[in-house]
Amino acid sequence: MEIIILKLGGSIITEKSGTPSFKDRLFDQIAKELSNLKVNMLLVHGAGSYGHPIAKQYSIHKGYSNSNQLKGVTKTKRSMLSLTLKIMDSLIRHNVPVFPFLSSSCMVAKSGRLVDVDLMPFKILLDIGMVPLCSGDVIADEKTGFTIVSGDQIAVHLAKELGADRVIFGCDVDGIFDSDPKINPTAKLIDRLTLDNLRDMTFRGESLTTDVTGGMSGKIKESLDFVSSGGEVIIMNLNKPQNLTKLLNGDDVQCTRLIPK
Ligand code: IPE
């Protein structure tokens, strides 16, 4: 059966600004949709307000420099765990056989890039129809002590290593636009981007957020290798009910597809 990796972006599962808050009603709808899909699914969730603000406060993404950061690492892990539990609770309500993974227990990075990922438990559990769930996380780093790996990096890494067919980035916008749709109402959605288009793209005006990982440009950078080796990457809106179901049924859905050529 086809393996699909779905990244649940922080913007779709949490209110991104302010104190940590989970979008429970929206996620419940998504969980219901996931329960009806006939695919082997692996889920990776982002952090939103549960991760980025604390990580930034303690400069966790810059690696270890002083012992004051350790408290911040613990607090970030605690907060991310509480988000994972909320996601699990909703998935369990809808009978999705979710199996949580702590990324930090099965992944190691070197200078912010994943170098060692224990794939075996993912393979075994996917094979019997469980739905592994992991998240962007603070993990051990051979060079910098600790680092933050984005759910985007994890999603694409697992896709390559597990031979997944598709990576879907679920966001709160329809895909990649020719300008920022949250600022410019006439922004146009780009439905297909080839590798040549992607390499030429420059991303301006994205650095004003509280994110310690990459935003939309991060998704693209992470995806390049996977797309060039024949994988499909889709960036789509999970705010729209049934969007995922339609996409997986092959119906027309507004989204951006990253394709080789
Ligand atoms: C970030 O994960 C993880 C932490 C800050 C601990 P992501 O980069 O995948 O999170 P979102 O989707 O941007 O919120």
Side-chain angles (χ1 to χ4, degrees), residues 3 5-10 42-48 50-52 54-56 58-66 69-70 72-74 76-77 80 84 101-123 132-164 166-171 176 193 195 198-203 206-207 209-235 258 260:
I3 300 179
I5 309 231
L6 174 64
K7 160 79 194 293
L8 299 158
L42 188 157
L43 303 173
V44 184
H45 74 80
Y50 284 76
H52 291 285
I54 325 176
K56 193 167 196 178
Y58 289 90
S59 296
I60 294 169
H61 53 301
K62 296 182 181 156
Y64 177 80
S65 59
N66 65 78
Q69 291 174 294
L70 302 184
V73 169
T74 307
T76 310
K77 305 273 317 161
M80 289 302 289
T84 304
F101 281 74
L102 208 53
S103 301
S104 51
S105 303
C106 58
M107 302 181 191
V108 175
K110 188 172 181 180
S111 304
R113 304 300 303 170
L114 288 170
V115 286
D116 191 1
V117 178
D118 189 1
L119 298 168
M120 197 55 91
F122 289 98
K123 283 185 186 158
L133 167 70
C134 59
S135 77
D137 202 357
V138 184
I139 70 170
D141 189 297
E142 283 177 20
K143 275 266 186 296
T144 62
F146 51 71
T147 192
I148 289 192
V149 275
S150 67
D152 298 350
Q153 185 184 162
I154 293 174
V156 177
H157 185 97
L158 288 175
K160 284 191 265 190
E161 300 295 325
L162 296 170
R166 283 192 259 189
V167 175
I168 300 174
F169 289 111
C171 320
I176 297 172
L193 280 168
L195 279 173
L198 292 170
R199 291 197 187 98
D200 291 347
M201 280 175 97
T202 51
F203 292 90
E206 239 202 358
S207 55
T209 66
T210 52
D211 281 14
V212 292
T213 49
M216 205 54 98
S217 58
K219 294 184 195 339
I220 293 178
K221 282 185 206 133
E222 293 298 345
S223 300
L224 291 175
D225 271 3
F226 180 62
V227 173
S228 54
S229 60
E232 190 179 13
V233 173
I234 295 161
I235 302 172
L258 311 186

So CG of Leu198 and OG of Ser217: to nearest 0.5 Å the spacing works out to 11.5 Å

task: Would you check if the side chain of Glu142 reaches a backbone N or O of Val108 as a donor-acceptor pair within less than 3.5 Å?
output: no

Between Lys219 and Cys171 the two heavy atoms that sit nearest each other are CE-SG, 4.0 Å

| request: Determine whether Met216 and Ile235 make a side-chain contact, defined as any pair of heavy atoms from C-beta on separated by less than 4.5 Å. | output: yes

When rounded to the nearest 0.5 Å, the distance separating CG of Leu102 from CE of Met107 is 9.5 Å

With sequence neighbours left out, the residues meeting salt bridge (Lys or Arg N to Asp or Glu O under 4.0 Å) with Asp137 are Lys77

Is it true that a side-chain atom of Asp141 and a backbone atom of Gly112 form a donor plus acceptor pair closer than 3.5 Å? yes

Closest non-hydrogen atoms of Ala109 and Thr147, given as atom of the first, atom of the second and distance, are CB-CG2, 3.7 Å

Phe169 and Ser223 have their tightest heavy-atom pair at CE1-OG, 3.6 Å

Distance col, row Ser228:OG vs Leu258:CG, nearest 0.5 angstrom, shows 11.5 Å

Rounded to the nearest 0.5 angstrom, the NZ-CZ distance for Lys62 and Phe146 is 11.5 Å

**Item:** Expected output: side-chain Ser103 to main-chain Ser135 donor-acceptor under 3.5 Å
**Value:** yes

* Just by modelled atom types, is the Asn66 backbone N or O under 3.5 Å from a matching donor or acceptor in the Gln69 side chain? -> yes

* Asked: Is the number of heavy atoms from other residues, nucleotides or ligands within 6.0 Å of NZ (Lys160) greater than 12?
  -> yes

For Ala55 and Ile148, the nearest pair of non-hydrogen atoms, with its separation, is CB-CD1, 3.3 Å

What one should report as the nearest heavy-atom pair of Ile3 and Leu162 is CD1-O, 3.8 Å

Checklist entry - Just wondering, do Leu43 and His45 contact through their side chains at under 4.5 Å, heavy atoms? => result no

Value for CG (Leu133) from CG (Leu6), rounded to nearest 0.5 Å, stands at 10.5 Å

Task: Side-chain touch Val233/Val156, heavy atoms, less than 4.5 angstrom - done: no

Checklist entry - Side chains of Leu158 and Cys134: does their closest heavy-atom pair fall under 4.5 Å? => result yes

Query raised in the report: Parallel, tilted or perpendicular: which fits the ring planes of Phe101 and Phe122, with parallel below 30° and perpendicular above 60°?
Result: parallel

dist Glu222:CD -> His157:NE2 (nearest 0.5 Å) comes out at 10.5 Å

Looking only at heavy atoms, the pair that brings Gly51 and Met80 closest together is CA-SD, 4.1 Å

